[in-house]
Amino acid sequence: MIQLDKQYQPHDVEKRWIEYWDKHRLAHADETRDGETFSMAIPPPNITGSLHMGHAFNNTLQDIMARWQRMRGVNTLWQPGTDHAGIATQNVVERQLKAEGKSRQDLGREKFIERVWQWKKESGGNINHQLVQLGSSLDWERDRFTMDEGLSRAVREVFVSLYEEGLIYKGDYIINWCPRCHTALSDLEVEHQEKPGHLYHIKYPLKDGDGALIVATTRPETMLGDTAVAINPEDPRHKGKGGKTVILPLLKRELPIIEDSYVDAEFGTGALKVTPAHDPNDFEIGKRHQLPSINVMGPDARMNDEAGPYKGLDRFEARKAIVEDLKAQDLLVKIEDHTHKVGHCYRCHTVVEPYLSKQWFVKTQPLAKPAIEAVRSGKIKIVPKFWENTYFEWMENIRDWCISRQIWWGHQIPAWTCGTCNEFTVARETPPACQHCGSTELVQESDVLDTWFSSALWPFSTLGWPEQTESLKKFYPTSVLCTGFDILFFWVARMIMRGLKFMGDIPFHHVYIHALIRDAEGQKMSKTKGNVIDPLVMMDQYGTDALRFTLAAFAAQGRDIKLAEDRIDGYRNFCNKLWNASRFAFMNLEDYTGTCALETSKHQSLADHWILSRLNRTVADVHQALEAFRFNDAATALYKFIWNEFCDWYIELSKSRLNSQNSVEKYATQNVLVHVLEATLKLLHPFMPFITEEIWQKLPKDGTSIMTAPYPEFDPHKEDSEAETHLQWVMDIINAARNIRGEMNLKPSLKIPLRIKTDDSEKELIANTSAHYVIELARLEDLEVGPSVVKPKVSASSILSGAEVIVPLAGLMDFGEEKKRVEKELKKVEKEIIFLSKKLSNPSFVDKAPPEVIEKDRHKHKDLSEKQTKLQVHLNTIDQALA
RNA sequence: GGGCUGAUAGCUCAGUUGGGAGAGCAUCGGCCUUACAAGCCGAGGGUCACAGGUUCGAGCCCUGUUCAGCCCA
């Protein structure tokens with residue numbers, strides 16, 4: 001005999017099934033199996049990562065898809081793996097070294113990298129372990145890491161091919177430099193924040209003594225690297241000054257005044273200082289006018305030799321000193337408050353410096369074209385669709401990608417400089433000699449590649465590329481990529497470009513972009529703000545299934561999720577509800593000899609037919625929602641079915657049958673009960689894997705695990721609209737009686753009589769054959785139905801369509817209460833009748849609206865009018881009694 | 001400056017081809033009715049941001065405004 005605890009206790013349940021699933025290799029995808037496939041690669045979490053709510057959300061949605069497809073019988077691969085996260089990981093290990101009083105330079109490159117691998121071995125698996133706890137059905141036998149030998153080979157293959165095609169080059173350009181991480185960053189890796197600052201107006205005297213040009217700048221320290229002042233040729237204020245010379249304050253260098261239409265005459269004084277080595281726009285102007293570039297800072301953002309007297313100062317110290325000196329020399333006209341966007345390193349939040357430097361780049365436009373086309377043509381669908389605009393916007397204005405990083409942890413650039421001829425040799429494997437002159441004096445580039453260079457290959461590198469493996473053939477292109485919008489450019493766009501280039505095909509058919517999880521106030525969760533809700537804590541406190549269901553239920557498309565703990569609490573209660581419904585089932589299945597398979601039986605009740613029809617409808621709703629990535633709709637459909645239909649109605653309605661002495665009828669209902677419960681558990685399994693497995697295993701079923709049990713399918717023949725209509729009528733009666741009971745303050749323990757007066761013979765018949773339902777659920781003393789039912793003078797009544805539900809209340813009647821109740825109802829009905837009358841007497845409505853809409857409204861109007869009459873009659877009797 | 005998204009009950013939000021404004025939580029009243037008090041039954045509560053327009057009919061479509069958030073330059 002199976003008995004369940006009174007409350008669901010998730011802890012040991014979760015642990016048990018995780019081990020069981022693993023032992024039976026249920027998440028393993030078989031590349032040799034024929035038939036339909038579904039594949040999906042996890043957005044690889046950083047090895048430095050710990051599961052946060054964003055991961056929990058992202059992976060819950062993926063797991064729902066994976067489990068759903070697997071149960072549908074589709075050959076399903078959910079590819080796991082982690083990202084080496086160059087800068088982030090290097091920072092973590094450097095911090096550890098610092099605590100030991102060491103730097104990475106103290107260790108040297110080789111030893112440092114060893115140390116990172118060591119760290120990875122010890123802590124890099126945390127996030128994977130946490131994903132398992134979340135229930136993620138990833139195929140761990142295929143676990144990959146972006147620095148694996150295989151994936152590194154893919155990286156070298158791509159680098160060399162692109163280089164050979166001329167799509168990778170090295171050159172001097174303005175890049176974003178992080179003085180803390182000591183590396184270049186791509187444009188995307190810079191976060192711009194609005195910051196209060198100042199606009200300094202500085203006097204640049206003309207050499208000929210004829211006054212001065214006033215320039216405005218937010219970064220006065222960069223003036224040391226000025227090589228010109230620019231004006232707009234159309235600016236009347238500066239007419240004739242083009243070609244003259246000004247004297248750079250402090251350093252007294254002579255600068256030409258150049259004319260360039262880039263200069264915005266409306267901004268400031270219309271004169272722009274040009275610093276090609278420290279500003280991307282100035283760099284462009286410098287190129288146009290063949291200006292020299294003077295770099296005045298070192299890699300640590302301290303002023304260098306070019307800065308003259310300011311040499312050795314940090315950039316912000318230099319700013320202060322320069323402002324003071326300008327003031328002293330009366331060259332500072334004014335300082336205005338000015339808010340402007342300041343770029344920060346996305347890893348350490350240090351203010352980045354635009355910096356002239358020799359770096360490697362990927363020429364991106366030729367790769368972007370087909371990637372744009374893939375989305376425009378619909379080969380790749382981005383869901384929700386509005387993200388496509390953002391994608392196009394970025395892709396059409398894409399700039400070359402700076403891929404070299406001056407750090408040690410990552411894929412070292414496979415390019416070697418010849419000590420003899422100074423040329424590059426770029427090769428897949430370490431070359432024995434220079435391919436230009438044959439010299440063996442080769443030195444490999446010390447830089448490593450941007451982490452996103454390897455992530456961009458993820459959908460095919462994880463499947464074995466450049467080897468033509470069976471897995472690659474089977475599972476590429478993948479079906480869905482599920483991620484947040486924050487890495488749409490970083491990752492998604494680049495995967496599309498790489499997939500098309502190297503696989504000759506799109507990397508995935510759908511991109512599902514989900515929202516961001518925020519705190520209850522809508523703030524981004526962050527450790528510094530202290531508003532983080534830790535998924536692991538929530539899982540521990542409420543159960544993993546409760547957290548997962550909460551996330552799914554809030555996953556409405558295109559809207560951020562404000563998560564508060566009480567919402568998880570609510571879905572914990574839902575778990576418990578399901579648990580107790582199952583508990584009820586087990587209590588009533590003790591003598592049951594059948595299985596979960598539905599048996600055809602003449603002995604099924606109206607409630608049995610009804611719940612089977614409702615189940616079938618729910619199956620359709622869940623499939624439809626999941627196909628459209630509407631996770632919240634699927635979750636809501638399940639929630640409503642389980643709580644409001646199965647628990648609130650079906651269980652209550654079937655109690656009498658389950659206690660029946662008629663063993664044939666009892667068996668038929670037991671069969672429906674267990675069938676519906678099992679189907680429901682399967683439907684719910686992708687959302688709540690643990691509790692569903694726990695209950696399912698106790699049922700009389702076939703199979704190893706619910707994880708591989710067949711997902712219920714919609715069957716149009718199972719729709720039973722007659723049962724639904726009939727039971728709806730029964731529910732209407734019960735609701736009417738309950739309403740009267742509630743409004744008239746009749747205790748639930750008090751059994752009341754009920755009369756139903758109706759001329760509708762079908763309604764009469766159903767009410768009579770279903771009398772036992774009404775008697776039990778409305779807690780009746782007795783029930784009388786028919787056209788000739790006599791309505792006692794002292795009674796409460798409710799008017800339904802085609803029937804009046806009457807509760808005789810001799811001795812219990814509170815006429816005042818009943819009058820209030822009826823008047824309220826009457827008011828509502830009258831309001832609606834006026835609205836409908838107006839509508840129906842409007843000739844253009846009757847003329848132009850579709851006939852079925854008009855018919856519906858006419859019918860409603862008739863119904864309401866009858867109801868109004870009856871309510872009026874009832875009200876009159878009350879008034880008489882009160883008089 | 002360009003673009004995107006949102007504004008619906010006290011709170012958080014659903015509302016998919018335009019045709020009866022919904023859920024959860026919170027509130028109020030009544031219940032330990034033998035699966036569940038993490039529960040059951042009943043009730044109250046909204047000019048769908050504002051102003052126009054299209055339509056027989058608009059929360060939904062169009063235009064404008066205000067406010068909020070995000071992305072890019």
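Just so we're on the same page: letters track the sequence lines, and every chain starts at 1.
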Looking at A:E14 and A:T544, would you say the former's side chain and the latter's main chain have a donor-acceptor pair under 3.5 Å?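 Looks like yes, one N/O pair under 3.5 Å.
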
If we ignore hydrogens and angles and just use 3.5 Å, is the side chain of A:D621 paired with the main-chain N or O of A:A637 as donor and acceptor?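 Absent.
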
Can you identify which nucleotide, out of [options], has its nearest atom closest to the [X] side chain?
X      : options             : value
A:K655 : B:G30, B:A35, B:A38 : B:A35
A:R399 : B:C71, B:C25, B:A73 : B:A73
A:K856 : B:C36, B:A73, B:G20 : B:G20
A:N573 : B:A38, B:A23, B:G19 : B:A38
A:R583 : B:A35, B:C41, B:C56 : B:A35
A:D633 : B:U33, B:A14, B:G19 : B:A14

Between A:T636 and A:D633, is any side-chain donor less than 3.5 angstrom from a side-chain acceptor?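 No pair is found: no donor N or O on one side chain lies under 3.5 Å from an acceptor on the other.
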
Is there a donor-acceptor contact under 3.5 Å linking the side chains of A:E393 and A:T390?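 There is no such pair between these side chains.
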
Tell me whether the side-chain N/O atoms of [X] come closer than 4.0 Å to OP1 or OP2 in [N].
X      : N     : value
A:K747 : B:G30 : no
A:K577 : B:C40 : yes
A:K6   : B:G39 : no
A:W394 : B:C4  : no
A:N389 : B:U5  : no

If the test is salt bridge (charged side-chain N to carboxylate O under 4.0 Å, His left out), which one of A:E830, A:E743, A:E817 qualifies with A:K824?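 In the set A:E830, A:E743, A:E817, the residue that makes a salt bridge (charged side-chain N to carboxylate O under 4.0 Å, His left out) with A:K824 is A:E743.
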
If I pick the [atom1] atom on [M] and the same atom on [N], what distance separates them, to the nearest angstrom?
N     : M     : atom1 : result
B:C41 : B:C36 : P     : 14 Å
B:A37 : B:A51 : P     : 49 Å
B:G15 : B:G53 : P     : 29 Å
B:A21 : B:G45 : P     : 15 Å

For RNA chain B, what dot-bracket results from Watson-Crick or G-U pairs at under 3.5 Å, with [ ] for crossers and | for inter-strand partners? (((((((..((((.....[..)))).(((((.......))))).....(((((..]....)))))))))))).

Measure from NZ or CZ of A:R494 to the centre of the six-membered ring of A:W401, then state whether that distance is under 6.0 Å and the direction lies within 45° of the axis.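 Here A:R494 passes the 6.0 Å and 45° test against A:W401.
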
Whole angstroms only, please: what is the CZ-C1' distance between A:F574 and B:A23?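 Result: 14 Å.
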
In whole Å, I'd like the distance from the CG atom of A:D648 to the C1' atom of B:C41.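 In whole Å, B:C41 C1' lies 10 Å from A:D648 CG.
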
